[in-house]
Amino acid sequence: MPVQNAEIAAMFDQAAELLEIKGENPFRIRAYRRAARTVENLPKSAAAMLVVGEKLSELPGIGKDLAGKIATIVDTGKFELLESLRRELPGELGQMAALPGLGPKRVKTLADKLGVRTLEDLGRAARKGRLQELRGFGAKLEQGILAALDKPVRMTRFKLPFVEAEAKSIADWLGGDPSCGRVVAAGSYRRRRDTIGDLDMLVTTRRGATVGDRLTAYENTAKVLAHGPTWTTVILRSGLQVDLRVVEEECYGAALLYFTGSKAHNIALRNLANDDGWKLNEYGLFAGERRICGKTEEEVYEKLGLDFIPPEMREDRGEILLAKKRALPELVSISDIRGDLHIHSKWSDGAASIADMAHVAKSRGYSYIAMTDHSQRVTVAHGLGPDRLLRQLNEIDRLNAEIGEFTILKGVEVDILADGHLDLPDRVLSRLDIVIASIHYKFDLPRDEQTERIIRAMDNRHVSIIAHPTGRLIGEREPYQIDMERVLRPHENETVFWRSTPIRTGWT
DNA sequence: GCCGTTTTCGGCCCGACTGTTTTCAGTCG
């Protein structure tokens with residue numbers, strides 16, 4: 001199987017870590033980290049790009065050298081730099097540097113002065129009190145390391161809706177402080193990433209310290225990691241880390257920009273500011289000592305010669321160049337949504353009736369919904385066989401006549417069986433406006449078989465949509481093995497999307 | 001190691017907090 005982007009990114013990250021411990025040029029280290037993020041966030045696999053001759057060196061942060069290294073990794077699976085670094089620095093130095101309070105410098109000191117190579121070595125030395133004998137180390141750090149070794153930190157990311165609830169609750173609590181001005185959740189939450197590592201909250205106020213105090217006194221705060229006049233970090237009972245930043249109102253825009261990130265986007269913006277002889281930080285945009293602007297994000301972007309970049313795009317994946325050329329694409333927003341093509345009702349495992357959902361959808365300004373209950377194989381969801389499905393069509397006819405200026409499309413989410421056949425006969429599917437096909441069992445087929453299975457389903461002329469084509473559940477289930485490039489590739493002599501059955505709506 | 005409507009060499013984001021110090025290095029975001 002071709003090398004995945006995530007594997008290439010992990011190799012670059014590990015190399016960066018070891019280079020850092022070696023005390024290498026920090027900018028070289030940053031280059032590996034930046035390239036790792038670029039590769040990780042690519043919309044397609046680097047291996048596939050190489051196959052069709054796309055130039056990796058045109059990607060941001062990837063030059064001739066790294067493009068060559070990626071090509072070698074794709075070809076051979078090997079990354080010589082990382083292997084030689086591992087020979088040079090054997091053991092678990094990388095994992096040690098991830099412990100709280102330890103970074104590359106201290107790990108190097110530990111390795112050089114105490115010969116510590118593994119986490120076990122580290123624990124032994126700490127228990128003997130050897131660490132605090134070293135310059136720059138103290139009793140508190142030693143205790144912290146022992147505690148961390150005893151109870152390893154869980155590398156957990158939280159799903160967006162969960163963080164949303166926490167953010168709202170914290171904002172309500174902080175808002176109870178009379179010195180508190182605006183409260184906003186920034187960071188990857190505001191960029192709407194599907195999972196969030198920690199929650200970044202920004203507060204404006206004139207009397208900084210009291211809001212931080214209030215966060216430490218929050219009922220769900222389990223531990224205070226840092227607490228200064230402008231910055232407080234706590235861990236909640238849920239395990240979610242919250243970073244609270246306090247700034248004055250006139251710095252709001254610059255601080256929001258800084259705290260929303262991403263880090264790579266910030267660095268790119270600060271570089272742009274430097275190009276003009278300015279300095280950008282969380283307090284504003286400065287020419288020398290003079291503050292040019294910073295009250296809103298909009299004015300900072302404008303001064304830098306850029307269109308406003310929505311938070312969802314701030315990943316340094318080319319958005320800054322597009323903003324400079326005034327060519328940013330428009331994001332799809334809620335008001336653009338005209339309908340919903342994947343809906344379950346009480347007929348299978350939904351929670352509401354078709355009529356209720358149609359009325360709510362219409363009240364939201366939708367023009368249509370498609371009823372797509374499960375088919376019979378999904379017995380746990382009370383899936384529909386031919387008879388019940390045909391009965392449902394009668395109900396939809398009746399509702400369409402009744403509601404008016406709104407269309408309920410007749411559809412189904414039909415199961416793709418293990419061999420690629422569908423769970424309902426063509427004579428039934430042919431009666432429908434829309435047919436969604438998807439997989440709900442046998443997730444563990446080999447890649448080729450799984451890919452064939454889906455492609456065979458797509459060969460049925462009634463199928464309009466393949467739903468959840470990777471089967472991934474964010475944070476819960478890994479995607480199943482599937483050659484997505486092959487699924488998306490049209491058959492020879494065929495036009496792209498030839499398989500799509502036009503949706504018959506009666507209106508356009 | 002990357003990058004360049006001044007540059008192919010010489011830059012490379014910037015600030016807060018902690019613990020260890022007695023003015024600051026290391027870490028972190």
Side-chain angles (χ1 to χ4, degrees), chain A residues 12 15-17 19-21 23-38 56-70 81 96-110 131-145 148 186-188 197-202 208-209 212 224-234 241-247 251 254-255 257-286 304-305 316 320-321 324-325:
Chain A
F12 282 0
E17 201 127 73
L19 287 168
E20 204 165 28
I21 292 168
E24 266 274 358
N25 176 357
F27 301 105
R28 184 177 175 219
I29 293 159
R30 184 189 297 170
Y32 277 104
R33 292 226 161 92
R34 177 160 189 233
R37 299 290 78 73
T38 295
L56 298 180
S57 59
E58 282 168 12
L59 296 168
I62 294 179
K64 215 171 148 187
D65 182 88
L66 287 177
K69 288 192 165 103
I70 294 171
L81 172 67
M96 281 167 56
L99 292 171
L102 285 189
K105 296 275 167 55
R106 288 186 179 136
V107 166
K108 182 152 177 24
T109 304
L110 289 168
L131 268 55
Q132 48 180 309
E133 296 166 4
L134 300 171
R135 185 178 174 79
F137 288 73
K140 199 152 182 177
L141 187 61
E142 195 171 69
Q143 286 310 309
I145 289 169
S188 52
D198 51 39
L199 174 61
D200 301 311
M201 303 285 297
L202 176 68
V224 179
L225 293 185
H227 182 32
T230 69
W231 183 294
T232 301
T233 297
V234 304
Q241 177 173 322
V242 180
D243 295 322
L244 174 71
R245 189 67 208 259
V246 183
V247 297
C251 303
L257 196 57
Y258 155 73
F259 223 29
T260 298
S262 64
K263 188 183 167 87
H265 182 84
N266 286 345
I267 290 175
L269 288 186
R270 288 171 179 196
N271 280 328
L272 269 187
N274 288 353
D275 291 347
D276 290 331
W278 297 333
K279 183 177 74 171
L280 177 63
N281 59 27
E282 58 262 53
Y283 300 108
L285 183 62
F286 295 86
L304 294 174
D316 192 25
I320 290 172
L321 189 61
K324 197 182 280 182
K325 293 198 288 192

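Note: hydrogens, waters and symmetry copies are ignored here, and every other heavy atom, side chains too, is used. Just so we're on the same page: letters track the sequence lines, and every chain starts at 1.
Taking 4.5 Å as the limit, every side-chain heavy atom of A:Lys263 sits out of range of all side-chain heavy atoms of A:Arg33. Looking at heavy atoms from C-beta onward, A:Leu131 lies out of side-chain contact with A:Leu141 at the 4.5 angstrom threshold. Side chains of A:Thr233 and A:Asp198 form no contact here, defined as non-hydrogen atoms less than 4.5 Å apart. Under the 4.5 Å side-chain criterion, counting only non-hydrogen atoms from C-beta, A:Leu199 is in contact with A:Met201. Using a 4.5 Å heavy-atom cutoff, the side chains of A:Asp316 and A:Arg34 are in contact. Within the 4.5 Å cutoff, side-chain heavy atoms of A:Leu110 are placed close to those of A:Leu134.
Atom CG of A:Leu280 sits about 10.5 Å away from atom CG of A:Asn271, to the nearest 0.5 Å. How far CZ of A:Arg270 is from CG of A:Leu285: 11.0 Å, rounded to the nearest 0.5 Å. Distance check: A:Ile62 CD1 to A:Phe12 CZ gives 7.0 Å after rounding to the nearest 0.5 Å. Taken from NZ in A:Lys325 to CG in A:Leu321, the straight-line distance is 4.5 Å, to the nearest 0.5 Å.
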Would you mind building the protein contact string for nucleotides 19-29 of chain B? One character per nucleotide, 5' to 3', B for base within reach (heavy atoms under 4.0 Å), S for sugar-phosphate only, - for untouched. SSS----SSSB
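Atom CG in A:Asn274 sits about 14 Å away from atom C1' in B:dC3, given to the nearest Å. Per the geometry, CG belonging to A:Leu244 stands 11 Å off P belonging to B:dC17, to the nearest Å. Atom P of nucleotide B:dC14 and atom CG of A:Asn271 are separated by 8 Å, given to the nearest angstrom. Look at CG on A:Asp276: it is 15 Å from C1' on B:dC13, rounded to the nearest Å. Between the CD1 atom of A:Ile267 and the P atom of B:dG1 there is a distance of 18 Å, rounded to whole Å. A:Glu20 has its CD atom 15 Å from the P atom of B:dG1, to the nearest Å. Look at CD1 on A:Ile320: it is 13 Å from P on B:dC3, rounded to the nearest Å.
Between B:dC3 and A:Lys64, no contact under 4.0 Å exists linking OP1 or OP2 to a side-chain N or O. Contact between the side-chain N/O atoms of A:Thr230 and the OP1/OP2 oxygens of B:dC17 is found at a separation under 4.0 Å.
As rounded to the nearest Å, B:dC14 and B:dT8 have C1' atoms that lie 28 Å from one another. On the P atoms, B:dT23 is 22 Å away from B:dC17, given to the nearest whole Å. Distance noted for atom C1' between B:dA25 and B:dT21: 10 Å (whole Å). B:dT6 and B:dC13 are spaced 22 Å apart, taking the C1' atom of each and rounding to whole Å. Nucleotides B:dT20 and B:dA16 have their P atoms positioned 22 Å apart, rounded to a whole Å. B:dG15 sits 29 Å from B:dC9 when the C1' atoms are compared, rounded to a whole Å. Separating the C1' atom of B:dT5 from that of B:dG1 is a span of 24 Å, rounded to the nearest Å.
Comparing B:dC14, B:dG1, B:dA16 by their closest approach to the side chain of A:Arg245 singles out B:dA16.
Counting non-hydrogen atoms under 4.0 angstrom, A:Lys69 reaches the backbone sugars and phosphates but no base. Contacts of A:Leu269 with the nucleic acid, taken as non-hydrogen atoms under 4.0 Å apart, are absent. Contacts of A:Asn266 with the nucleic acid, taken as non-hydrogen atoms under 4.0 Å apart, are absent.
Contacts between residues 23-30 of chain A and DNA chain B, defined by a heavy-atom separation under 4.0 Å, are made by A:Asn25, A:Phe27, A:Arg28, A:Arg30.
Here B:dT8 sits opposite no nucleotide as a Watson-Crick or G-U wobble pair (both hydrogen-bonding atom distances under 3.5 Å).
Only one option out of A:Asn274, A:Asp275, A:Asp276 pairs with A:Trp278 in a side chain to side chain contact (heavy atoms under 4.5 Å, CB included); it is A:Asp276.
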